[in-house]
Amino acid sequence: MTMSRAIRASLLLAVPISQAVMLPVALAQSAAPPEIAGIWQAENGQMKIEMVETGGGYAGRLLWGQRAVEADGKTFKRDVNNPNPALRSRSLEGITILQNLKWNAKDRRWEGGRLYDGTSGRTVSARLTPVNGKLEMRAYMGSPMLGRTIRFRSVPN
């Protein structure tokens, strides 16, 4: 075999190998979480939250909730059903209702979250899945199959 044939043969072998080596790197980069910091409103208009980054994860603050305000639509209710008696006199305005969300690159969603419902005092599991520029929040007790999904869209600050 001549020298130029040997070089061509080794290059032909190297190209598929280099592509195979680069494929996992490209997949890992594409699994990076999309940016979700900002204001999100439920598509049904019943809730508005602000998502903030918190040390490798995300949390959500309540900006407005139909069930969290009095009949005037502006005055926030108190956290009277909180299991912690020391927090029952605080306003529901601005409380952290969603916390501990961590990115799962394999399933392409934030998982392990906890959602606090200030109107009932209950805390349930939660996960967020980005779908076509929106967020689907699945809140559940026990199994995600037994939960409820709320769809959010990003809104300007």
Side-chain angles (χ1 to χ4, degrees), residues 18-157:
S18 66
Q19 288 174 342
V21 169
M22 293 303 290
L23 184 60
V25 173
L27 288 175
Q29 290 173 347
S30 69
E35 178 64 42
I36 63 167
I39 310 282
W40 295 84
Q41 182 172 356
E43 286 187 335
N44 64 10
Q46 294 182 353
M47 184 186 317
K48 189 183 277 190
I49 59 175
E50 179 181 23
M51 296 300 297
V52 293
E53 193 170 355
T54 57
Y58 278 90
R61 284 184 335 112
L62 180 66
L63 298 179
W64 186 85
Q66 186 173 11
R67 293 179 29 210
V69 294
E70 299 292 347
D72 66 6
K74 296 178 183 177
T75 308
F76 277 83
K77 295 178 181 178
R78 299 277 170 214
D79 197 3
V80 295
N81 294 312
N82 196 304
N84 181 346
L87 298 176
R88 290 181 184 158
S89 62
R90 74 176 176 171
S91 170
L92 292 175
E93 183 176 14
I95 66 168
T96 300
I97 61 166
L98 190 57
Q99 57 190 357
N100 300 330
L101 289 162
K102 303 290 183 199
W103 180 248
N104 177 329
K106 179 183 173 220
D107 293 329
R108 299 201 41 76
R109 65 182 173 218
W110 284 270
E111 296 182 336
R114 305 293 293 153
L115 175 68
Y116 173 67
D117 177 1
T119 60
S120 70
R122 289 187 294 177
T123 299
V124 298
S125 298
R127 67 183 188 199
L128 292 178
T129 305
V131 178
N132 299 324
K134 297 181 181 182
L135 285 178
E136 289 186 354
M137 179 174 66
R138 185 77 177 165
Y140 58 94
M141 293 182 80
S143 170
M145 290 176 39
L146 302 174
R148 177 177 174 216
T149 299
I150 302 171
R151 287 175 188 78
F152 289 86
R153 60 181 168 75
S154 180
V155 294
N157 294 341

Using atom types as modelled, flag every donor-acceptor pair under 3.5 Å from a side chain in residues 129-136 to any protein atom, sequence neighbours excluded.
from: Lys134; atom 1: NZ; to: Glu43; atom 2: OE2; distance (Å): 2.5
from: Glu136; atom 1: OE2; to: Arg151; atom 2: NE; distance (Å): 3.1

I need the minimum non-hydrogen distance between [X] and [Y], along with the two atoms involved.
X      : Y      : answer
Gly118 : Asp79  : O-OD1, 3.7 Å
Pro34  : Trp110 : O-CH2, 3.2 Å
Ala126 : Leu115 : CB-CB, 4.0 Å

Whether Trp64 side chain and Gly73 backbone form a donor-acceptor pair below 3.5 Å
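Indeed, once roles are kept as given, a pair shorter than 3.5 Å links the two residues.
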
Under the 3.5 angstrom rule, does the side chain of Asp107 hit a backbone N or O of Arg109 as a donor-acceptor pair?
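No: the side chain of Asp107 does not pair with the backbone of Arg109.
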
Glu70 side chain reached by Phe76 side chain, heavy atoms, under 4.5 Å
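No, every pair of side-chain atoms sits at 4.5 Å or beyond.
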
So, taking the atom named OH in Tyr116 and the one named CG in Leu62, what distance separates them when rounded to the nearest 0.5 Å?
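Answer for the OH-CG pair, Tyr116 versus Leu62, is 11.0 Å.
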
At what distance, to the nearest 0.5 angstrom, does CE of Met47 lie from CD of Gln66?
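Taking CE in Met47 and CD in Gln66, the distance rounds to 10.0 Å.
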
Assess the residue pair Arg127 and Asn104 against the criterion (side chain to side chain contact (heavy atoms under 4.5 Å, CB included)); give the C-alpha distance rounded to whole Å, side-chain angles, the decisive distance to 0.1 Å, and a yes or no.
CA-CA 10 Å; Arg127 67 183 188 199; Asn104 177 329; over 6 Å; no

For the pair Met141 and Leu146, evaluate side chain to side chain contact (heavy atoms under 4.5 Å, CB included) and give the outcome as yes or no after the intermediate values.
CA-CA 7 Å; Met141 293 182 80; Leu146 302 174; over 6 Å; no

Side chains of Arg138 and Thr149 only: does a donor on one sit below 3.5 Å from an acceptor on the other?
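Arg138 vs Thr149: donor-acceptor pair found between side chains.
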
Listed partners of Arg88 passing salt bridge (charged side-chain N to carboxylate O under 4.0 Å, His left out), at least two apart
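Testing Arg88 for salt bridge (charged side-chain N to carboxylate O under 4.0 Å, His left out), a comparison that skips the adjacent residues, returns none.
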
Considering residues at least two apart in sequence or located in another chain, which fulfil the salt bridge (charged side-chain N to carboxylate O under 4.0 Å, His left out) criterion with Arg67?
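Residues passing salt bridge (charged side-chain N to carboxylate O under 4.0 Å, His left out) with Arg67: Asp117.
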
For residues 91-102, dump all side-chain donor-acceptor pairs below 3.5 Å to protein atoms at least two apart in sequence or in another chain.
from: Ser91; atom 1: OG; to: Glu93; atom 2: N; distance (Å): 3.0

Donor-acceptor list for residues 49-59 side chains, cut-off 3.5 Å, not counting sequence neighbours:
from: Glu50; atom 1: OE1; to: Arg61; atom 2: NE; distance (Å): 3.1
from: Glu50; atom 1: OE1; to: Arg61; atom 2: NH2; distance (Å): 2.8
from: Tyr58; atom 1: OH; to: Glu35; atom 2: OE2; distance (Å): 3.4

Run the side-chain hydrogen bond (donor to acceptor under 3.5 Å, both in side chains) test against Arg153 and tell me which residues pass, sequence neighbours left out.
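Testing Arg153 for side-chain hydrogen bond (donor to acceptor under 3.5 Å, both in side chains), a comparison that skips the adjacent residues, returns none.
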
